[in-house]
Amino acid sequence: MPDVASVLWAAIAVIGVAYLIRWKTDPLNSIPTVGGSSWPLLSIISAVNFSLNSKKLLQEGYKKYYGSVFKVPLLASWVVVATGPKMVEEIRRRPDDELSFLDGVEDTMQIRHTFGPQTHDDPYHVDIIREKLTRSVPAILPDVVDELALAVPQHIPAKSDEWLEVHVMSAMQQIIARASNRVFVGLPACRNQEYLDLAISFTTDIVKDATVIRLSPGFLRPLVARLCTHVKTSFYKAIPHLKPLFQERRELMEKFGDDWTDKPNDMLQWIMDAAETRDNSDEAIARRVLLINFAAIHTSSNSVTHALYHLAERPDYQQALREEIEPIIREEGWTKNAMGRMWKLDSFLRESQRYNGIGLASLTRKALKDVRLHDGTLIPRGSILLVAADATHHDDSIYADADVFDPFRFSRMREQDGEALKYQFVNTSLDYISFGHGKHACPGRFFAANELKSLLAYIILNYDMKLSGDGSRPKNVYWAMTVIPALNGKILFKKRETSA
């Protein structure tokens, strides 16, 4: 009779052989690998290597497999990376029942587990952002500017006779959170510091919980999600700050109905209107408000921090932008039309986003069935497919001197006949994909662009900036597909007089 040890080793051998056969027959194996070995166990080392050297490895894969795809290992899974305009166009055109944007985001952020299935199954807040928020930008921008005029001096309290060192990222998070929430929840909640701190920390809370859940086996994720408490803690701390707003709005909605002549024109009211035929509980509405905060604060604070580092590195850029901004503000005031006339400022933001990026990849999709691409590559069901955004934006065949930050690159391109709109900050294309491209391109980019332009214009008019030390720009941090401006970077500010 065989002993227990022999049976155990035999079982391990059978499981090991079965795993190797499954790995060997996986259709992903036909897709070339960048960043190390795809062999079991060794792929963990490859994933760590990729996470630490992702920018370089994605550029390597882009050059080697241009016009096709390659795969890279993340700690939780493999992802397939597409390159070239034909692939971008194909991914953009593929229907959602083949390559799903929502399921791609869900796989990345684990919203179903961190925040409940409602926001994934019925993402009506996306339509509100795309339609109501975008259409309302001319009407709400004065409120944003009004809030910036109070928030910026509070978080950059510089004087005209001395330089003040400011931790840029934390200051921008506070300013963006406050200006955005002027539009999201209105006064006075947008100035409630406890609520703003929760809205800011909510971003990191989602990332923390999503990372732990994503690293767990699929069958364990519901259990792991219950044990992850960062998002839940922030969520339930935020509700007491929001609940009085909800109650006040409900009372007014019931009192005035369709005859409410001075009905608030803000995100909270749009959400509450849409929720009347859905789950309109305090918790459900708070989920939407905080989720929109997550998208707005994270992306915009990163973007403006990148831009400020470039401005502080080159004071001559500041003067060139002032010469554009000052006369426009004198003529137009702080309006959407004024922001539209600031081609150099628009170019500066577009170039900063091209050069630095929101992330190293974009156009996230999840294959809901086996999909064969135009070059014959099979993308297996369940795979995550991305496009190499950073490598595209640093391709010299697309952008001259692509590794050089050229702030007015796009304003010069707009001066050519027929190109005035094509190279605006908000416009996407096959070779400018920071916001994605096609119907799933970032729906909030029109609001974000005007908010960022207003903020940068205000800072440029009211402050001089420089970097300390040797004056070199703080370096970006890259981890896997993430790009973050230097978290501890500081800029020296000095107040200046302005007539605008």
**Q** Would you say Lys495's side chain and Tyr463's backbone share a donor-acceptor pair under 3.5 angstrom?
**A** no

**Q** What about Phe235 and Phe115, are their ring centers closer than 6.0 Å?
**A** yes

**Q** Distance only, no hydrogens: is a donor on one side chain within 3.5 Å (strictly under) of an acceptor on the other, for His167 and Ser170?
**A** yes

**Q** Ion pair present between Arg191 and Glu147, side-chain N to carboxylate O less than 4.0 angstrom?
**A** yes

**Q** Between the side chain of Ser352 and the main-chain N/O of Phe348, is any donor-acceptor distance below 3.5 Å?
**A** no

**Q** Side chains of His440 and Asp96: any donor to acceptor distance under 3.5 Å?
**A** yes

**Q** Nearest 0.5 Å please: distance from the CD1 atom of Ile91 over to the CG atom of Leu373.
**A** 7.0 Å

**Q** Determine whether the side chains of His310 and Asn356 contain a donor N or O and an acceptor N or O closer than 3.5 Å.
**A** yes

**Q** With distance as the sole test, does Asp346 use its side chain to make a donor-acceptor pair with the main-chain N or O of Met342 at under 3.5 Å?
**A** no

**Q** Does any donor atom in the side chain of Gln193 or Gln174 lie under 3.5 Å from an acceptor atom in the other side chain?
**A** yes

**Q** Do Asp390 and Tyr62 get their side chains close enough for a donor-acceptor pair, meaning under 3.5 Å?
**A** no

**Q** Is the number of heavy atoms from other residues, nucleotides or ligands within 6.0 Å of CD (Glu419) greater than 12?
**A** yes

**Q** Does a donor on one side chain and an acceptor on the other come within less than 3.5 Å for Arg278 and Gln118?
**A** no

**Q** When you check the side-chain N and O atoms of His120 and Glu106, is any donor under 3.5 Å from an acceptor?
**A** no

**Q** Indicate whether any N or O donor in one side chain lies under 3.5 Å from an N or O acceptor in the other, for His113 and Arg221.
**A** no

**Q** Can the ring centres of Phe435 and Phe425 be said to be less than 6.0 Å apart?
**A** yes

**Q** Quick one: does Asn427's side chain have a donor or acceptor within less than 3.5 Å of a partner on Tyr423's backbone?
**A** no

**Q** Pick from Leu378, Leu385, Thr377, Leu99: which one makes a side chain to side chain contact (heavy atoms under 4.5 Å, CB included) with Val371?
**A** Leu99

